[in-house]
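Per chain, numbering begins at 1; letters A, B, ... match sequence-line order.
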Amino acid sequence: DAKTTQPPSMDCAEGRAANLPCNHSTISGNEYVYWYRQIHSQGPQYIIHGLKNNETNEMASLIITEDRKSSTLILPHATLRDTAVYYCIVREDNQGGKLIFGQGTELSVKP
Amino acid sequence: DTEVTQTPKHLVMGMTNKKSLKCEQHMGHRAMYWYKQKAKKPPELMFVYSYEKLSINESVPSRFSPECPNSSLLNLHLHALQPEDSALYLCASKAYDSGTEAFFGQGTRLTVV
């Protein structure tokens, strides 16, 4: 079963920051937080992941709370092309383990 | 090369047909996955292969038969499918190293008639 809870949908104005929350209150110490997104009818695309520290790459920033029970994905300047379903996944990064998707958040970026 | 290539992109098959879906990656990943995705739903895990051996089967019906002939290829053999098996079938691969992401293919859109 998925171990994350996300709001089913969110809107964001183009050019503004999109902040997507994820609750993972049962996360264990060796589980990573991964974010993927899926644009309509395409394969999921990796965005970012983290264990304890906040992370930033060219696509987004990941903020993980100190107790690791929740995180926020930040798209700093959302564009129309960022409209997609965003999935937050927690998983133990052992050999070939399960990667289980929750329901995700459908982000609509509006002009 | 960070691609996972799935073929065909679209497939229409009858309920008595036998067909196969193919997935290929050349990233040296030793974990490979099959997912099924229905419209407006998240991907559902079907199978996991670790070092070319089936390690996880999520209680998938036997009309779906996976095969991993080598470290770069993953097949999904289909036989006697039902219309409700129509879906997007996704393949993914991942390295065993900690803190590495999984890469997904673009999927095969399967329609069973």
Side-chain angles (χ1 to χ4, degrees), chain A residues 1-9 22 28-55 57-60 62 64 73 84-108, chain B residues 2-7 9-10 23 25 27 29-59 68 71 74 87-111:
Chain A
D1 291 339
K3 303 178 184 178
T4 61
T5 305
Q6 300 176 252
S9 63
C22 180
S28 60
N30 55 354
E31 286 185 315
Y32 284 75
V33 179
Y34 284 83
W35 282 84
Y36 287 81
R37 72 180 183 184
Q38 188 173 26
I39 297 169
H40 180 62
S41 292
Q42 296 183 20
Q45 176 190 22
Y46 165 80
I47 302 172
I48 199 166
H49 72 281
L51 183 61
K52 296 180 182 177
N53 299 322
N54 299 337
E55 302 287 343
N57 63 20
E58 65 278 4
M59 288 183 69
L62 174 60
I64 303 174
L73 177 75
V85 179
Y86 287 77
Y87 295 102
C88 167
I89 301 168
V90 297
R91 59 161 284 159
E92 187 173 339
D93 211 23
N94 58 15
Q95 297 101 5
K98 296 183 179 184
L99 188 64
I100 304 295
F101 287 78
Q103 295 302 309
T105 295
E106 187 168 8
L107 175 69
S108 295
Chain B
T2 57
E3 276 196 13
V4 175
T5 302
Q6 289 188 244
T7 54
K9 287 186 171 40
H10 300 275
C23 173
Q25 56 89 13
M27 294 176 278
H29 292 169
R30 304 309 290 273
M32 296 187 76
Y33 307 77
W34 279 116
Y35 288 83
K36 172 183 177 180
Q37 187 174 27
K38 303 283 279 184
K40 302 281 189 185
K41 297 290 186 184
E44 292 180 44
L45 183 64
M46 300 174 73
F47 303 104
V48 181
Y49 270 83
S50 299
Y51 285 90
E52 295 88 70
K53 294 195 185 309
L54 183 64
S55 59
I56 296 175
N57 177 341
E58 292 287 270
S59 303
C68 191
S71 59
L74 187 65
L88 181 68
Y89 288 84
L90 293 161
C91 173
S93 72
K94 186 185 180 303
Y96 264 44
D97 301 333
S98 293
T100 58
E101 68 271 28
F103 291 82
F104 284 80
Q106 292 304 297
T108 294
R109 174 72 60 190
L110 174 68
T111 303

**OP:** Heavy atoms only: give me the nearest Gly43(A)-Leu90(B) pair and the separation to one decimal.
**Re:** CA-CD2, 3.8 Å
Subject >> Over 12 foreign heavy atoms within 6.0 Å of NZ, Lys52(A) >> reply: no
**OP:** Mark yes or no for whether Tyr34(A), through its side chain, and Thr100(B), through its backbone, hold a donor-acceptor pair below 3.5 Å.
**Re:** yes
Original post:
Highest number of heavy-atom pairs under 4.5 Å with chain A: which of Gln106(B), Gln6(B), Glu44(B), Met32(B)?
Top reply: Gln106(B)
Original post:
Measuring from Ser41(A):OG to Gln37(B):CD, what's the distance to the nearest 0.5 Å?
Top reply: 8.0 Å
Subject >> From NZ (Lys94(B)) to OH (Tyr46(A)), nearest 0.5 Å >> reply: 10.5 Å
Original post:
Phe103(B) versus chain A, heavy atoms under 4.5 Å apart: side chain, backbone, both or neither?
Top reply: neither
Subject >> Phe101(A) ring center near Tyr33(B) ring center (under 6.0 Å) >> reply: no
**OP:** Could you grab the distance from atom CD of Gln42(A) to atom CG of Leu88(B), nearest 0.5 Å is fine?
**Re:** 10.5 Å
Subject >> Under 4.5 Å from a heavy atom of chain A, the part of Arg109(B) involved >> reply: side chain
**OP:** Answer yes or no: are there more than 12 heavy-atom neighbours, outside Glu106(A) itself, under 6.0 Å from its atom CD?
**Re:** no
**OP:** Heavy atoms only: give me the nearest Pro43(B)-Tyr87(A) pair and the separation to one decimal.
**Re:** CD-OH, 3.8 Å
**OP:** Please look at Gln38(A) and chain B and tell me whether the side chain, the backbone, both or neither of the residue comes under 4.5 angstrom of a heavy atom of that chain.
**Re:** side chain
Original post:
Taking the side chain as C-beta and beyond, is there a heavy-atom pair between Leu99(A) and Leu45(B) under 4.5 Å?
Top reply: no
